Amino acid sequence: MSSSQPKDLRLPTPGCYADPIKAGIDADAVFDGMTEHLFFSLGKLATTASLRDLYMALSYAVRDRLMTRYLASQEAIRAKPQKTVAYLSAEFLIGPQLNNNLLNLGITKEAEEAVGRFGIESLSHILEVEEEPGLGNGGLGRLAACYMESLASLQVPAIGYGIRYEFGIFNQLIRDGWQVEVTDKWLKGGWPWELPQPDESCFVGFGGRTESYVDEKGKYRSRWIPSEHAIGVPHDIPILGYRVNNCDRLRLWRADATESFDFYAFNIGDYYGAVEEKVASETISKVLYPNDGTDEGRRLRLKQQHFFVSCSLQDMLRSLEKRGIEVEDFSEHWTVQLNDTHPAIAVAELMRLLIDHYHFEWEKAWHITTSSVAYTNHTLLPEALEKWDLDLFSSLLPRHLDLIYEINKRFLQQVRLRYPGNDLILRKLSIIDEDGCKAVRMAHLATIGAHHVNGVAALHSDLIKRQLMPEFAELWPEKFTNITNGVTPRRWVGLANPELSSLLDKEVGKDWITNMELLKKLEQKENDSGFLELFSKTKLSGKRKLAGYIHRQTGVLVDPSSLFDVQVKRIHQYKRQHLNALQVIAQYLRIKNGVDQDIAPRTVIFGGKAAPGYFMAKLMIRFINGIADVVNADPDMDGRLRVVFLPDYNVKLGEQVYSATDLSEQISTAGKEASGTGNMKFAMNGALTIGTLDGANIEIRDRVGSENFFLFGKTESEIVELRENQYDPKTYISNCKELSEALRLVEVGHFSNGDSELFLPLINSLTGSDPFFVMADFADYLRAQDEVNKVWKNPQKWNRMALLNTARSGFFSSDRSIKEYCKSIWKVKPLDVEISCDIN
Ligand code: 26V
């Protein structure tokens with residue numbers, strides 16, 4: 001740095017940027033920071049500033065306070081090279097940032113005081129203004145966000161790589177009971193948490209052809225001559241760890257056109273043609289696709305995947321070069337985790353970069369690739385396993401297809417040696433699916449190119465080995481492993497449930513938030529009625545707030561003292577919201593018929609989005625709303641039953657819901673839900689689960705104790721048996737009067753104003769093939785619900801069970817999951833980031 005620069009503009013290392021206005025964390029400094037940003041960044045006076053202006057000003061002030069840590073963390077890696085985790089994911093559902101950063105910095109109170117000086121009564125008014133980036137569909141994207149937060153908190157050097165979609169998951173409106181999708185314009189008011197870094201842009205090719213040539217050393221080589229290009233512009237989001245100096249980074253790529261105009265086309269007068277091409281390149285990062293298994297936008301989806309993977313790998317290679325590290329040592333500096341198969345093209349792209357650009361021999365390149373890449377599988381559903389038609393693939397990525405053929409050829413040769421003369425096994429293992437339309441199987445590419453393949457819960461990992469890829473598991477037993485998902489306690493307890501958090505602080509000490517196993521101490525309180533009372537009061541307070549929200553959003557008045565029974569998650573047949581809905585009808589009938597006057601008052605709450613092209617899921621939403629309309633309008637139901645569909649379920653709403661739930665519905669068909677993570681958030685917040693032996697439910701039940709969990713339903717192996725023995729839902733219907741009566745009521749149009757056609761597709765599916773065994777599980781589900789009812793009437797017992805759920809849910813912290821990834825897959829160590837000035 002030149003000596004003429006002012007002294008207080010030192011680079012953050014060594015030392016730091018110590019300007020108290022930018023770095024101070026007391027209320028005065030936060031207030032001064034806000035005032036400065038209002039004036040200089042937003043062009044506003046405090047006297048005329050809107051809530052939004054104040055949100056922006058506070059966010060900028062907080063962002064300033066992240067910068068020392070952010071830059072010091074990058075500098076630490078430069079100064080002392082260490083293996084860094086590259087978490088590749090097409091989705092990151094990070095949720096609102098301001099409150100999380102305040103919590104992790106430890107300045108929530110200071111911010112509250114600072115906004116108070118602008119006349120704002122509560123910080124919550126400012127927090128409400130934040131638009132959340134919905135850059136994910138559901139569990140998979142949210143998991144990526146929890147993992148980034150835990151990586152940062154555990155001080156693991158890490159970068160999340162993904163796509164900066166201009167439009168995230170749609171916003172959901174409910175009109176006449178139907179879901180209506182509205183584009184999510186999350187960037188419209190400016191989003192203060194990202195830092196565009198155009199200087200670090202990358203160039204990505206698509207289409208065209210490959211050709212062979214002889215290089216200067218007389219060696220035959222291949223090269224790719226793409227017909228199209230796009231530029232990836234990184235937008236970085238700082239991810240600060242909880243009360244540590246380490247601040248990791250989420251790097252999301254935005255696609256830009258290579259030239260703002262095609263000058264040739266421009267000169268010959270084709271102005272609009274030139275603009276069209278620019279628009280096409282910029283379409284790549286335009287929109288997040290829903291996981292609905294439709295063919296819509298398939299070409300663009302593959303383009304998105306290659307786009308972000310190529311940018312990310314180029315970025316990793318460039319960082320080695322910048323630091324003077326040999327590319328040969330790639331796997332010592334980067335461990336690349338594929339979040340599902342969306343980034344699986346990385347296997348071929350890394351090979352291409354190493355061979356075509358860095359001129360490595362095949363064996364060397366393959367060694368580097370397979371020692372760097374690991375793959376997490378997140379679903380067994382056949383329709384969700386990615387396959388790309390060969391024609392589409394070769395037209396978009398011809399060089400990658402050549403490389404995949406070569407990878408496959410060498411792999412199958414290995415298989416032949418192991419299983420001589422076994423053609424069937426070759427067909428099963430091949431990357432290329434030869435049955436029907438030829439296609440590239442991305443899960444096979446990922447599995448062959450990875451050193452580890454993991455599932456996301458014990459049952460799921462077991463089913464990967466037994467059902468999904470038995471041949472691979474036999475070939476490479478040591479490759480397959482399990483890492484049960486986890487969720488970050490900072491967001492899902494700390495932010496979502498401040499009242500429970502302060503009770504926990506008092507009872508077990510503040511460290512529970514980074515060491516959830518400490519919650520075990522609460523077990524000592526299981527018979528302390530005074531404490532149980534305090535515990536249940538935190539829940540009641542969450543329920544009061546949610547009741548207010550429900551009233552404002554839907555107009556339905558619900559009683560906070562009723563049992564809050566909640567199912568929030570994507571709407572899907574395998575998740576079986578219709579099983580829950582039918583059970584509500586059975587309860588409605590009991591009340592109507594005066595059968596069971598002992599039913600405890602309940603509020604049944606649903607929330608979740610259906611993929612826009614998924615007809616049955618959308619009909620399920622209409623079905624729930626049809627039931628809600630009838631139940632809520634019936635005076636016989638007053639004080640006994642309420643049904644609510646909460647529109648537009650997202651991270652922000654999740655934070656309100658988890659802390660306000662008594663009963664968590666985790667009722668998927670056994671073997672279908674890979675893990676679930678909502679189940680963990682509910683348990684941590686002291687909800688009891690009614691659930692099947694599926695995904696992580698099994699491990700939750702094992703840990704919280706079977707006596708503190710309402711189990712029902714067929715096991716995975718019983719489901720397999722039913723399927724293999726001509727399952728007939730009709731026998732279950734005729735054996736259960738309450739079920740047949742509930743179905744009949746739907747059939748006659750009781751929940752559709754007399755329209756007996758509306759829900760026919762749903763009824764036909766359930767009574768015809770019933771692919772998700774709703775009928776088979778109904779009677780046992782109702783039995784378990786009766787058990788719930790019984791326990792609810794004994795508050796002391798309920799509260800004890802709820803407390804034990806919180807006390808024993810420490811295992812489901814994403815800190816535990818990340819430690820397991822670090823130890824068994826990534827082989828990385830946490831880093832202590834030193835900052836020489838004390839700003840803590
Ligand atoms: C994809 C598709 C595409 C085709 C139609 C239906 C459908 C349904 C689901 C999916 C999900 C694909 C991957 C995924 O999001 N898996 C979820 O990952 C979570 C984090 O590991 C896990 O908790 C959920 O159980 C799992 O469904």
Side-chain angles (χ1 to χ4, degrees), residues 87 89-93 135-148 150 169 288-298 301 305 337-344 375-387 442-443 446 453-461 463-464 468 482-488 492 568-577 608-618 620 654 664 666-683 691-700 716 771-772 812 814 817-818 820-821:
Y87 197 85
S89 179
E91 303 185 11
F92 285 94
L93 200 48
L135 310 186
N137 270 287
L140 174 140
R142 183 53 233 177
L143 184 80
C146 283
Y147 282 1
M148 288 309 299
S150 275
I169 184 87
L288 165 79
Y289 281 99
N291 46 21
D292 57 2
T294 61
D295 280 350
E296 210 178 313
R298 280 183 73 73
R301 271 186 216 219
Q305 297 183 354
Q337 190 66 33
L338 309 180
N339 197 26
D340 218 298
T341 54
H342 316 138
Y375 156 54
T376 307
N377 171 288
H378 292 267
T379 185
L380 300 172
L381 295 181
E383 69 271 34
L385 294 171
E386 285 194 305
K387 274 202 249 175
M442 297 309 267
V453 176
N454 76 286
V456 290
L459 172 70
H460 170 64
S461 298
L463 291 174
I464 291 177
L468 187 70
N482 171 249
I483 300 201
T484 298
N485 283 168
V487 302
T488 169
W492 297 113
V568 284
K569 49 181 79 238
R570 287 301 288 252
I571 311 292
H572 200 292
Q573 284 166 290
Y574 86 78
K575 296 181 189 275
R576 302 198 297 190
Q577 282 90 355
K609 295 176 185 177
Y614 187 172
F615 169 72
M616 278 302 216
K618 291 177 118 173
M620 281 159 75
S664 149
Q666 306 300 334
I667 61 177
S668 52
T669 316
K672 296 289 179 194
E673 188 70 272
S675 162
T677 44
N679 45 6
M680 303 168 183
K681 297 166 197 167
F682 280 119
T692 49
L693 285 178
D694 197 17
N697 294 353
I698 300 173
E699 291 155 82
I700 293 177
E716 187 275 326
F772 297 100
F812 302 100
S814 44
S817 313
I818 287 298
E820 287 184 16
Y821 276 99

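This is a predicted model, so every value here is computed, not measured. In this chain, numbering begins with 1 at the start of the sequence shown. Counting convention: from 1, in listed order, for ligands and their atoms alike.
Formation of a donor-acceptor pair under 3.5 Å by the Y614 side chain with backbone atoms of I571 is not found in this model.
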For ligand 1, what N or O to protein N or O distances fall under 3.5 Å?
unit_1: ligand 1; atom_1: 16 (N); unit_2: H378; atom_2: O; d: 3.0
unit_1: ligand 1; atom_1: 21 (O); unit_2: H378; atom_2: ND1; d: 2.6
unit_1: ligand 1; atom_1: 21 (O); unit_2: N485; atom_2: OD1; d: 2.8
unit_1: ligand 1; atom_1: 23 (O); unit_2: G676; atom_2: N; d: 2.8
unit_1: ligand 1; atom_1: 25 (O); unit_2: E673; atom_2: OE1; d: 2.6
unit_1: ligand 1; atom_1: 25 (O); unit_2: A674; atom_2: N; d: 3.4
unit_1: ligand 1; atom_1: 25 (O); unit_2: S675; atom_2: N; d: 3.0
unit_1: ligand 1; atom_1: 25 (O); unit_2: G676; atom_2: N; d: 3.0
unit_1: ligand 1; atom_1: 27 (O); unit_2: Y574; atom_2: OH; d: 3.3
unit_1: ligand 1; atom_1: 27 (O); unit_2: E673; atom_2: OE1; d: 3.1

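Not counting sequence neighbours, K569 has no partner by the salt bridge (charged side-chain N to carboxylate O under 4.0 Å, His left out) test. Residues meeting the salt bridge (charged side-chain N to carboxylate O under 4.0 Å, His left out) test with E699, sequence neighbours left out: none. Under the rule for a salt bridge (charged side-chain N to carboxylate O under 4.0 Å, His left out), the partners of E820 that lie at least two apart in sequence or sit in another chain are R816.
Taking the six-membered ring where the residue is Trp, F772 and Y574 present tilted rings, their angle falling between 30° and 60°.
For the pair L143/H378, a side-chain contact is recorded, criterion being any heavy-atom separation below 4.5 Å from C-beta on.
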